[in-house]
Amino acid sequence: MGTPPPEIAIIGSGLSGLALALHLSAKGISSTVYEYRPSSYSQGGEIALSPNAVRVLDHLGICTELAKQGFNSDTVTLLNRSGVELGVLKQGSLFGYPSLRLNRVFVREALLKECERRGVKIVFEKEFVRLAEHDGKVKVVFKDGEDVSVDLVIGADGLRSRVREFIDPTAKATYIGTMILYGNIPAEILDAKMGNNKERLPMPSMLFGKEGSFTIWPRDPDAREVGFFADLLLPDRSREEWEQTGEDKEALREMLEKCYCQGAWPEQVQTMIRSAPAEEFRIWPVNMVPRLTSWSSPSKKIILIGDAAHAITPSGGQGGATAFEDAETLAYAISKCTEDAKLLEKWETHRKTRVQEAIDFNNLSAKVRKASKYTAVQWTREWFIWSVLKIKGAEGYRWLYGYDAVKEMAKL
Ligand SMILES: Cc1cc2nc3c(=O)[nH]c(=O)nc-3n(C[C@H](O)[C@H](O)[C@H](O)COP(=O)(O)OP(=O)(O)OC[C@H]3O[C@@H](n4cnc5c(N)ncnc54)[C@H](O)[C@@H]3O)c2cc1C
């Protein structure tokens with residue numbers, strides 16, 4: 001008889017937790033997902049999935065359906081705030097898959113449906129509170145007093161991970177000083193406000209100015225809903241105050257107007273801000289988790305993935321993508337770790353390097369996006385964007401968007 005498969009508890013049914021459970025299931029390994037929220041919960045808003053994220057979903061067989069529900073694109077046009085093109089970032093099918101922007105609800109529904117089809121067990125309203133390793137097992141304790149003992153615990157419990165407290169209690173999520181404000185405007189309202197003969201910005205496009213950056217990116221296949229998001233610099237506040245900030249929709253519009261409805265900002269940007277339905281405004285105060293020395297316990301029986309291990313800034317759109325990559329690669333490492341005792345260690349080293357590269361890319365992108373009151377700084381940034389895109393060309397981003405978990409794991 002061979003070694004029995006490990007008993008695995010995954011804490012958190014977010015993107016990484018569900019993707020891991022599915023990739024494990026595809027390898028014939030069962031796991032149980034524990035989620036503190038009810039099954040009906042779904043985080044709203046949109047998500048942009050770059051080709052490296054879409055590839056992981058395709059390996060699960062759910063990419064074709066999702067692609068029908070979102071806006072597919074191959075490029076993002078970068079412009080300055082006067083609407084002058086700085087370059088085009090190629091993201092899409094050059095790397096095998098399109099970039100996809102869609103309602104998050106669709107991604108979650110697709111993952112949950114696939115879990116149901118494959119018989120993945122998810123226990124909702126089960127809040128993880130603590131764990132302890134003993135006799136080669138990990139005892140996982142929930143808020144309702146129940147516990148389970150398993151061979152492996154995966155902390156896929158997001159930005160404010162409780163599992164992380166057992167790996168590095170000092171690593172707390174911290175606000176980075178930037179809030180992102182999201183909105184949507186129906187294309188027909190935009191058309192009515194602007195008139196049909198007015199020149200439109202390409203979609204998707206990202207505009208950079210002294211005041212920050214403003215991105216236009218539809219969320220549905222036919223671009224009937226033109227989404228946008230903008231960076232705003234705001235001091236930190238308490239949880240309640242953030243909630244109030246998010247609820248005062250007209251104050252949010254004023255913040256946008258103050259930054260982006262002035263000077264050279266294109267008429268389309270200003271019209272979108274002034275005419276978008278305020279009730280759709282949502283905010284995201286951006287947090288980061290400091291770099292962890294380790295993503296796992298010394299025994300490798302407790303492992304972190306996704307935001308729990310490395311919540312990163314959204315400027316490069318890689319938070320969800322790296323969470324998906326973690327999931328697919330870890331499923332492979334777990335499935336082969338009886339053949340190679342060092343595989344989980346190699347997985348962690350590989351993923352830390354990969355994620356750090358994505359973080360460096362994101363940080364650079366965040367620097368370029370950040371508001372600066374100095375015109376000279378802004379000109380330098382514009383020149384930087386133009387020259388980087390020229391020098392690097394599309395192939396310069398293959399390392400990021402062309403990442404294929406299956407091929408990478410075969411190299412370890
Ligand atoms: C507004 C917003 C927009 C974003 N846009 C993009 C984007 O366009 N592209 C992109 O790539 N990324 C984006 N991201 C980042 C991306 O959403 C995250 O990187 C990704 O969701 C991380 O997945 P995860 O599974 O690690 O964590 P999460 O998706 O946060 O899932 C964690 C899960 O754990 C559960 N949980 C937490 N604590 C416990 C507990 N104690 N017990 C049981 N369950 C628990 C939570 O309820 C949750 O379901 C965005 C994030 C936000 C907030």
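Read the numbers this way: they start at 1 and go in the same order the structure lists the ligands and their atoms.
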(message) So, applying side chain to side chain contact (heavy atoms under 4.5 Å, CB included) with Gln378, which one of Glu211, Lys210, Lys373, Arg81 is it?
(response) Lys210
(request) With heavy atoms of Leu15 as the reference, note each atom of ligand 1 found under 4.0 Å away. (result) 20 (C), 21 (O), 23 (O), 25 (O), 29 (O)
(request) Carefully, step by step, assess Val163 and Ile302 under the rule side chain to side chain contact (heavy atoms under 4.5 Å, CB included). (result) CA-CA 8 Å; Val163 180; Ile302 308 161; 3.7 Å; yes
(request) Would you tell me whether Gln91 and Ser73 have side-chain atoms, one donor and one acceptor, within less than 3.5 Å of each other? (result) no
(request) Heavy atoms only: give me the nearest His134-Lys139 pair and the separation to one decimal. (result) NE2-CB, 3.5 Å
(request) Under 4.0 Å from a heavy atom of Gly317: give me the atoms of ligand 1 that qualify, with their elements. (result) 10 (C), 11 (O)
(request) Tell me which protein heavy atom sits closest to atom 44 (N) of ligand 1, plus the residue, atom name and distance to 0.1 Å. (result) Tyr36 N, 3.2 Å
(message) Could you identify the single nearest non-hydrogen protein atom to atom 17 (O) of ligand 1 and state the distance to 0.1 Å?
(response) Arg104 NH2, 2.4 Å
(message) Among all protein heavy atoms in this structure, tell me which lies nearest to atom 30 (O) of ligand 1, with the distance rounded to 0.1 Å.
(response) Gly158 CA, 3.9 Å
(request) Taking only heavy atoms of Ala321 into account, list the atoms of ligand 1 that are under 4.0 Å away from them. (result) 11 (O)
(request) For atom 53 (C) of ligand 1, state which one of Phe124, Phe324, Trp284 supplies the nearest heavy atom. (result) Trp284
(request) Report the C-alpha separation of Lys301 and Ser297 in whole Å, then their side-chain angles, then the decisive distance to 0.1 Å, and conclude whether the side-chain hydrogen bond (donor to acceptor under 3.5 Å, both in side chains) test is met. (result) CA-CA 6 Å; Lys301 288 186 172 293; Ser297 64; over 6 Å; no
(message) Please classify the Phe128 to ligand 1 contact at 4.0 Å (heavy-atom distances, strictly less than): side chain, backbone, both or neither.
(response) both
(request) Take Arg351 and Thr322 through the test side chain to side chain contact (heavy atoms under 4.5 Å, CB included) and record every step on the way to the result. (result) CA-CA 9 Å; Arg351 288 304 301 159; Thr322 49; 4.1 Å; yes
(message) I'd like to know whether Ile216 forms a side chain to side chain contact (heavy atoms under 4.5 Å, CB included) with Leu207, so could you lay out the CA-CA distance, the side-chain angles of the two residues, the decisive distance to 0.1 Å, and finally the verdict.
(response) CA-CA 8 Å; Ile216 300 172; Leu207 293 99; 4.3 Å; yes
(message) Using the rule given for side chain to side chain contact (heavy atoms under 4.5 Å, CB included), can you reason through Gln244 versus Arg237, listing the C-alpha separation, both sets of side-chain angles and the distance that settles it, and then say yes or no?
(response) CA-CA 10 Å; Gln244 283 163 12; Arg237 47 202 71 191; over 6 Å; no
(request) Measure centre to centre between the rings of Tyr182 and Trp217, then say whether the value is under 6.0 Å. (result) no
(message) Would you compute the distance between atom CZ of Phe71 and atom CE of Met203 and round it to the nearest 0.5 angstrom?
(response) 5.5 Å
(message) List ligand 1 atoms under 4.0 Å from Ala48, heavy atoms only on the residue side.
(response) 7 (C), 8 (O), 9 (N), 10 (C), 11 (O)
(message) Check Arg118 with Glu114, please: is the shortest side-chain N to carboxylate O separation under 4.0 Å?
(response) yes
(request) Answer side chain, backbone, both or neither: which part of Lys126 comes under 4.0 Å from ligand 1, heavy atoms only. (result) backbone
(message) Below a 4.0 angstrom heavy-atom separation, can you tell me which part of Tyr182, side chain or backbone, both or neither, approaches ligand 1?
(response) side chain
(message) Among all the protein's non-hydrogen atoms, which is closest to atom 26 (O) of ligand 1, and how far away is it?
(response) Asp307 N, 2.8 Å
(message) Check whether Phe128 forms a cation-pi arrangement with Lys143 (NZ or CZ under 6.0 Å from the six-membered ring centre, at most 45° off the ring normal).
(response) no
(request) Name the closest protein heavy atom to atom 28 (P) of ligand 1, giving the residue it belongs to and the distance to 0.1 Å. (result) Gly14 CA, 4.1 Å
(request) Output yes when the distance from some N or O of ligand 1 to some N or O of Ala308 is under 3.5 Å, and no in every other case. (result) no
(message) Check for me whether Lys143 has a heavy atom closer than 4.0 Å to any atom of ligand 1.
(response) no
(message) Minimum distance, heavy atoms only, to atom 24 (P) of ligand 1: which one of Gly306, Gly45, Ser16 is it?
(response) Ser16
(message) Heavy-atom pairs closer than 4.0 Å: do any link ligand 1 to the side chain of Arg37, the backbone, both, or neither?
(response) side chain
(message) How far is atom 47 (O) of ligand 1 from the closest protein heavy atom, and which atom is that?
(response) Glu35 OE2, 2.6 Å
(request) Can you sort out which atoms of ligand 1 are near Ala156, meaning under 4.0 Å from one of its heavy atoms? (result) 32 (C), 33 (C), 34 (O)
(request) For Tyr34, take its heavy atoms, then give the atoms of ligand 1 lying under 4.0 Å from any of them. (result) 43 (C), 44 (N)
(request) On the 0 to 90° scale, with breaks at 30° and 60°, tag the Phe142-Tyr34 ring pair as parallel, tilted or perpendicular. (result) tilted
(message) If I compare all heavy atoms of Ser50 with all of Gln318, which pair ends up nearest, and what's the gap?
(response) OG-NE2, 2.9 Å
(message) Regarding atom 23 (O) of ligand 1: of the candidates Pro314, Gly12, Ala323, Gly316, which has the closest heavy atom?
(response) Ala323
(request) List every atom of ligand 1 that sits less than 4.0 Å from any heavy atom of Ile11, numbering the atoms from 1 in the order shown and giving each element. (result) 42 (N), 43 (C)
(request) Considering heavy atoms of the protein only, find what lies nearest to atom 11 (O) of ligand 1 and give residue, atom and distance to 0.1 Å. (result) Gly320 N, 2.8 Å
